[in-house]
Amino acid sequence: MKVSEIRATFFDYFKAKGHEIQPSALMVVKNDPTLMFTNAGMNQFKDYFLGNTDPKSKRIANSQKCLRVSGKHNDLEEVGVDTYHHTMFEMLGNWSFGDYFKKEAIDWAWELLTEVYKLDKSRLYVTVFEGDKIDGTKEDMEAISFWSKHINSEEIIKCSKKDNFWEMGDVGPCGPCSEIHMDIRSDYERSKVKGRDLVNKDHPQVIEIWNLVFMEYLRKADRSLVPLPQKHVDTGMGLERLAVALQGKKSNYDIDLFQSLIKKTEELSKIKYGANPKTDIALRIVSDHVRAISFSIADGQLPSNTGAGYVIRRILRRAVRYGYQVLEIKEPFMFDIAITLVEQMGEAYPELTNQKSLIEKVIKEEEKSFFRTLEQGIKKINLTINSHKEKKQEKMSSLHVFELYDTYGFPIDLTSLIAKENNIEIDIEGFQKLLEEQKQRSRKASEIDTSDWIAICDQKATQFVGYDTSSTETKILRYRKVNTPKKDYFQLVLDKTPFYPEGGGQVGDTGFFEIENEKIKIFNTKKENELILHYASSLPKNLSKKGIAIVDEKRRKKISANHSATHLLHHALRKVLGEHVEQKGSLVNERYLRFDFSHFSKMKEEELQQVQELVLEQINNGVPLTEHREIPLNEAKKMGAMALFGEKYGEKVRAIQFGNSIELCGGIHVSSTSSIGMFTILSEGAVAAGVRRIEAISGMEAEKYFIGKAKIVDEVCKTLKTQKDIVKTIETILSKNHELQKQIEELNKEKIQLLKNTLTKKITQINGINFLGAQVHLPNSSIKDLLFQLKNQNDNFFAVIGNSENEKCGISIIISDNLVKEKQLNASDLVKAVSHYINGGGGGQSFFATAGGRKKEGLKKAIEEIRKTIQES
RNA sequence: GGGGAUGUAGCUCAGCUGGCUAGAGCGCUUGACUGGCAGUCAAGAGGUCGUGGGUUCGACUCCCAUCUUCUCCA
């Protein structure tokens, strides 16, 4: 049975049991600050479990793309080492939201596995929760009794909270679970060791395939458990692992899906899978990681140096590292394997095919940039090693090792290898300690302590009225306190709200909540799944009274102008550059707009000009906004609405239309393009391979920008005393200036020559020293020049020159090198000793020193003093 | 979000504790040697020392702020 058939069978089975089949959510999570990637099938249903919104259907089944790279479930560094962990995997799941519970979940799971998929019953084991004293939970007798109907009670294994109690996070819905494990070892091995003794023991061939979670509790912030008003079922079955069992393979990497990737990697590296355990690990890592990265890119997450993008970069770099070191591929190769992946999986996942060229280009560019990083690191480590060799040190300190890793991104195993080749030990333990310290620091800085929700009023959904109004009468439904290292604030959920929560690139609204003459400041609005959270720095005294929520309208006006301008810009770019232009990211706030889009070369001056003119034309035309609210997705697509890459839409969508520009969008817009007023592009540049970024401003901000520019031009005109051909005038002035400067230099040289001659005449012999003491009027730089020339032309030379220019004055002393040595003269000390005469200070080197001050009258005395010193020496 | 590094000539970089007339290599221009090229030699052009403040007689160097790029952690 192929992977695609296994998936279809699963859907058919649960469809027959009254489940609605839902598509996979995006792997990259939006609107949930606690999560970067979908790491379990339940993520997209979180709101149902939390009771924030009602489910569309009480029974749902799906297959979810998941990514696990850190945390308790999986660690990136372990993937590929064994044969059954992945960064990305697919999770089959069936769900009950307050509908069926343990009995049906268990019966159906058993029936599907043994009757439909026809797995060998004697190879299956189940685990149940044994209870926990601290939580006060009991053994899951219900589950045991339902299982007993299908399976011998000896094969039912009781497990602790660690393995069989599932929690969403620190707080939230949770409950006992029951897992089905499968033993895929050979009969011979099975006869030697019983399968049930290997369950939950990390054996590569006795593996968990299905986890049935029975959600019946809510974990509160004080760690206590309270029963949920409704009980839910959440199950998850690893598609890859199921395929191993059904295809009679020994490892996840043997199934059809991975074989072609491994084969391609074998071709590129000329290393066979199975030849050596070390290279096998590398081959597995490459094939696993290339899949995770490609899907992430297809879902809209490009590699970057922060947040979710950084996780993707890390995965890619890990694969490149193994390819580079273990498979000895010294040039970009991952992009090539990604092509194979797209060809092979593109049919089941159209998003891969759609983004094929992006995936290829982005991966290739990332690989190149990693090689650059490695090169820098190699330079750095060579410097360190050389200095160690010079100093005959045999151990590299943890600080050095950590610096290489932390600052230069140089992989620790490469450091270790290179050090070993040079017979230098490295302090790995110290390094681990430093890394742990850095982790602690980061955790502390981002520590937020969220209290439980406190309900004021038992009512569910927030109604968003922001499209029609900017203020409304409303009341607080619930609130909670959030403590962060920097400040404490409150999150409010309102009954009705005009506040737009951050999303679709548009920043959240700010404003006030007025209640009984009290004005509570709302400094931000965000979305957590379906909830709109108003960030307030304080709480009103009276929480249960009605109040008025008022959005800062001035700010919103600027934001909406920028947002509408973004749509016009998008449309203009497609017109000028072509239909390949697609939005890859967007930021809209009150100050400016930033728009990332796919395009493969730098935009030309004329193109930018054209785009800007098109946008301005639309603004001048005063195109009215046509808002299509709550229309079916299909209808919107028929209208030609642009859907955004990396965005998931429901069945009903909102489309924003300005003339020919139609986009699916949930943001706030101006009622007519004429209110945008003004628009100008500030910059165009690259952000990633094949992705360009434009920054622009609109409205008053743009007007201010132009007024500022005009003012500068005005001033320039006034200064130049001309109105026409300013550029030409300036060019002439510049070239003239250049010429004049050269002339001045020439003249200065002559002047110095003259001065040199007069000064040379003033040289007197004192104690066998050619002494010069004089006062001049010259800028400092010329004095230096003059003195160095004199020094070169006279032996046994000693000069002290006082110079004055405007209010400032200075003393310079220069001494021939041989005098410095023979007579132990020190210009720095000498100049310091006399600098008080001019109310200043100074210093320098032994052969040349300067001092500055403001009292010219002292110059004469200072020079005399130096002369005396020389006479007496 | 937090930490570290980075920004100096067209490119790659050096410039230690404040004062070395801002430097090296490559590249560029001109000239010489050679039949021509490669090459060698010589001369030369090219720098707001990321930006804005501050400390100081004096800042590429120290302090503060800000931006760029890289990197690690969350």
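Proteins get letters first, then strands, A, B, ... in listed order; numbering begins at 1 in each. Here the structure is a predicted model, which is why all the values come from computation and not from measurement.
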| Are Met334(A) and Ile293(A) side-chain neighbours, meaning at least one heavy-atom pair lies under 4.5 Å? | yes
| task | For residues Tyr489(A) and Phe523(A), establish whether the separation of their ring centroids is below 6.0 Å. | result | yes
| P gap between U17(B) and C60(B), integer Å | 15 Å
| note | From CG of Leu76(A) across to C1' of C73(B) the rounded distance in Å is 14 Å
| message | If you only use heavy atoms from C-beta on, which nucleotide in G19(B), C72(B), C73(B) is closest to the side chain of Asp406(A)? | response | C72(B)
| message | Could you tell me how far A42(B) sits from G25(B) if I compare only their P atoms? Round to whole Å. | response | 11 Å
| message | Distance check needed: C20(B) C1' versus Leu787(A) CG, whole Å only. | response | 15 Å
| task | Please state the C1' separation for the pair A24(B) and C49(B) - nearest whole angstrom. | result | 16 Å
| Is any side-chain N or O of Gln845(A) under 3.5 Å from a base N or O of C20(B), one able to act as donor and the other as acceptor? | no
| query | In whole angstrom, what separates Met36(A)'s CE from G1(B)'s P? | reply | 14 Å
| request: Any strand is fair game: report the nucleotide pairing with A22(B) by Watson-Crick or G-U wobble, both distances under 3.5 Å, or none. | output: none
| query | So, Phe848(A) versus Phe788(A), ring centres under 6.0 angstrom or not? | reply | yes
| request: Pick base, sugar-phosphate or nothing for Gly409(A), based on heavy-atom distances below 4.0 Å to the nucleic acid. | output: sugar-phosphate
| task | Could you let me know what U40(B) is paired to, Watson-Crick or G-U wobble, both distances under 3.5 Å, or none if it's on its own? | result | A32(B)
| task | Measure the distance from CZ on Phe410(A) to P on A5(B) and round it to the nearest whole Å. | result | 19 Å
| said: Measuring only the C1' atom in each nucleotide, how far is A74(B) from C67(B)? A whole number of Å is fine. | reply: 24 Å
| In the structure shown, which nucleotide is the Watson-Crick or G-U wobble counterpart of A59(B), with both distances under 3.5 Å? | none
| said: For G3(B) and Arg443(A) - does any side-chain N or O of the residue sit under 4.0 Å from the phosphate oxygens OP1/OP2? | reply: no
| said: Just to be sure I understand the rule, does Tyr408(A) reach a base, reach only the sugar-phosphate, or reach nothing, if contact means heavy atoms closer than 4.0 Å? | reply: sugar-phosphate
| task | Write down the distance between OH (Tyr405(A)) and P (C72(B)), rounded to a whole number of angstrom. | result | 7 Å
| Any-strand Watson-Crick or G-U partner of A45(B), both distances under 3.5 Å | none
| query | For C73(B), does either OP1 or OP2 sit under 4.0 Å from a side-chain N or O belonging to Tyr310(A)? | reply | yes
| query | Taking the C1' atom of each, how far is C63(B) from U21(B), in whole Å? | reply | 28 Å
| task | Ignoring backbone atoms, establish whether Arg313(A) has a side-chain N or O less than 4.0 Å from OP1 or OP2 of U71(B). | result | yes
| field | Separation between the P atoms of U51(B) and A9(B), rounded to whole Å | value | 11 Å
| request: Could you measure between the two C1' atoms, the one in C20(B) and the one in G7(B), and give it in whole Å? | output: 24 Å
| request: Applying side chain to side chain donor-acceptor pair (under 3.5 Å) between Tyr837(A) and each of Lys855(A), Lys861(A), Glu865(A), report the one that passes. | output: Glu865(A)
| query | For the rings on Tyr535(A) and Phe490(A), is their centre-to-centre separation under 6.0 Å? | reply | no
Identify every side-chain donor-acceptor pair in residues 378-385 of chain A under 3.5 Å, counting partners at least two apart or on other chains, and give the distances.
residue: Asn382(A); atom: ND2; partner: Ile378(A); partner atom: O; Å: 3.3
residue: Thr384(A); atom: OG1; partner: Lys380(A); partner atom: O; Å: 2.9

| So which nucleotide from U71(B), G3(B), C73(B) ends up closest to the side chain of Thr373(A)? | U71(B)
| Arg314(A) CZ to C73(B) C1', straight-line distance once rounded to whole Å | 8 Å
| field | Between C72(B) (P) and Glu77(A) (CD): distance, integer Å | value | 12 Å
| task | Counting heavy atoms from C-beta on, name the nucleotide in G3(B), U12(B), C72(B) closest to the side chain of Arg317(A). | result | C72(B)
| said: Could you tell me how far G39(B) sits from G50(B) if I compare only their P atoms? Round to whole Å. | reply: 34 Å
| said: Just to be sure I understand the rule, does Ser828(A) reach a base, reach only the sugar-phosphate, or reach nothing, if contact means heavy atoms closer than 4.0 Å? | reply: nothing
| note | The residue, Lys379(A) or Gly843(A), whose nearest nucleotide of RNA chain B is more 5′ is Lys379(A)
| message | I want to know whether Phe410(A) and Tyr405(A) have ring centres closer than 6.0 Å. | response | no
| field | Protein-nucleotide distance (Asn839(A), atom CG; G58(B), atom C1'), rounded to Å | value | 16 Å
| note | Heavy-atom nearest nucleotide on RNA chain B taken for Leu435(A) and for Gln376(A); more 5' hit belongs to Gln376(A)
| query | Partner of A65(B) by Watson-Crick or G-U wobble geometry, both contacts under 3.5 Å, or none? | reply | U51(B)
